[in-house]
Amino acid sequence: MSPSNSPRSDVSLTHPDRLYWPDEGVTKQGLADYYAAAWRFMAPYVVNRPLALLRLPDGIKGHQRFFQKHAWKGMNPHIEEIADPQDADGEKLLRIGDFDGLVALVQSAVLEIHPWGTTTGNWEQPDMITMDLDPGEDVAWNAVISAALEVKARLETRGLAAFVKTSGGKGLHVVAPLAPKAGWSEVKDFAHSLAESMSADAPDKYLATATKAKRGGHIYIDYLRNGRGNTAVAAYSTRARPGAPVSMPLDWEELSDVSGPAAFTLANVPQRLETRPKDPWGDFFEAAVPLE
DNA sequence: GGAACTT
DNA sequence: AAGTTCCAACGCCTC
DNA sequence: GAGGCG
Ligand SMILES: [Mn+2]
Ligand SMILES: [Mn+2]
């Protein structure tokens, strides 16, 4: 049973049976197969964007785990080296352009993909805002859903569209597509003001600052994903955590039926992608409007 | 995962 | 030949 | 100014 529209790649995987998530039995090949199934939905969120990577060469039970934002020696040629236009002489950044690039990331033991919220063709004008909802200890899942709905309402008041995904970690991401126009500082300032206004209106529920000591019982609205050079985990990216969760785009209508932030995993997402009538984020880029 | 460097 | 090291980093708090 | 945070 070959999934519809699965891309092929000639990028070779050494040790395809290497276990990246040993408890879940997910191998390097299994990860590549997952991305083949997800590619047709995922591509616009990872292609032609600067990328930061979380690499775990020995899998999630191993002892090596490092972020990487710069090009390295011996890098697979399907991973592109690009110059930051604001740091032309600095170290080269990373980008992929196609499915071969994604398989090259798999071979490089990239278990999480964290793109900038912009494309390299329009580098200084972000094309999305990510509001990252991080619940502290003792916050009910329902409260995280309520927070997402509140963020959605406030984005819509501003004339923006809102989409939601699980983070695959502890919370939800509410993402607004932008027609590239406003610059980084305007976008970050807007995200900041949204977080501050929610915190001001419900200080018992929401925080706009990261201080861990205050986090218990509150949801931190992390707006700082929206600064130049900052990143958030990509839609459909796996997470380097137990259970092999993925950051899963959702319909708002199904959010109340989702059991938690890590409900979608390598074990159940391919089935969902095969049987689901439509992409819940199918209109993401069509819904983009400028921030103004 | 893989290059570069040290032993 | 084998072992070790490196692989982000900066704005925003809080104290 | 140092240290936590993501
Ligand atoms: Mn290794
Ligand atoms: Mn988060």
Just checking [X]: base, sugar-phosphate only, or nothing, at a heavy-atom cut-off of under 4.0 Å?
X: A:Arg18; value: sugar-phosphate
X: A:Arg215; value: sugar-phosphate
X: A:Gln107; value: sugar-phosphate

Per [X] side chain, nearest of listed nucleotides [options]:
X: A:Lys28; options: C:dC12, D:dG6, B:dG1; value: B:dG1
X: A:Phe67; options: D:dG6, C:dT14, C:dA8; value: C:dA8
X: A:Lys69; options: D:dG6, C:dA8, C:dC13; value: C:dA8
X: A:Lys214; options: D:dG6, C:dA9, C:dT14; value: C:dT14
X: A:Lys188; options: B:dG2, D:dG6, C:dG11; value: C:dG11
X: A:Glu91; options: B:dG1, C:dC12, C:dA9; value: C:dA9
X: A:Gln68; options: C:dC12, C:dC7, D:dG6; value: C:dC7
X: A:Gln64; options: D:dG6, B:dG1, C:dA9; value: B:dG1

Pair A:Gln107-A:Ser12, side-chain donor/acceptor within less than 3.5 Å: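 Result is no, nothing qualifies.
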
CG of A:Asp17 versus P of B:dG1: gap in Å, rounded?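 That distance rounds to 12 Å.
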
Taking atom C1' in both D:dC5 and C:dA8, compute the distance separating them and give it to the nearest angstrom.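 Each nucleotide's C1' atom is 14 Å from the other's.
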
If I pick the C1' atom on D:dG4 and the same atom on C:dA9, what distance separates them, to the nearest angstrom?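 Going atom to atom, C1' in each nucleotide, I get 14 Å.
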
5' priority, DNA chain C, between A:Thr211 and A:Asn230 [closest heavy atom]: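 Counting from the 5' end, the first nearest nucleotide belongs to A:Asn230.
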
Nearest nucleotide by nearest heavy atom, which residue falls closer to the 5' end of DNA chain C, A:Glu196 or A:Gly229?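 Per heavy-atom nearest nucleotide, the more 5' residue is A:Gly229.
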
Using the closest heavy atom to pick a nucleotide of DNA chain B for each, name whichever of A:Lys73 or A:Leu56 lands nearer the 5' end.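 Comparing both residues, the 5'-ward one is A:Leu56.
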
Taking N and O atoms by type only, does the side chain of A:Arg55 place a donor or acceptor under 3.5 Å from a partner on the base of B:dG1?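 A donor-acceptor contact between them is present.
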
With a 3.5 Å distance limit and no angle check, can you tell me whether A:Ser167 reaches the backbone of A:Gly169 through a side-chain donor-acceptor pair?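 At least one qualifying donor-acceptor pair exists.
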
Quick check against the 3.5 Å criterion: does A:Asp127 have a side-chain atom that pairs as donor or acceptor with the backbone of A:Pro177?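 No; judged by distance alone, with no hydrogens or angles, the pair does not exist.
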
On the nucleotide C:dC12, are OP1 or OP2 found under 4.0 Å from the side-chain N or O atoms that A:His192 carries?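 The answer is no; no side-chain N or O of A:His192 sits under 4.0 Å from OP1 or OP2.
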
Is the count of non-hydrogen atoms from other residues, nucleotides or ligands lying under 6.0 Å from A:Asp204 atom CG greater than 12?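 Atom CG in A:Asp204 is crowded, with more than 12 foreign heavy atoms closer than 6.0 Å.
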
Answer yes or no: are there more than 12 heavy-atom neighbours, outside A:Lys28 itself, under 6.0 Å from its atom NZ?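 Yes, because the 6.0 Å sphere around NZ of A:Lys28 holds more than 12 heavy atoms from other groups.
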
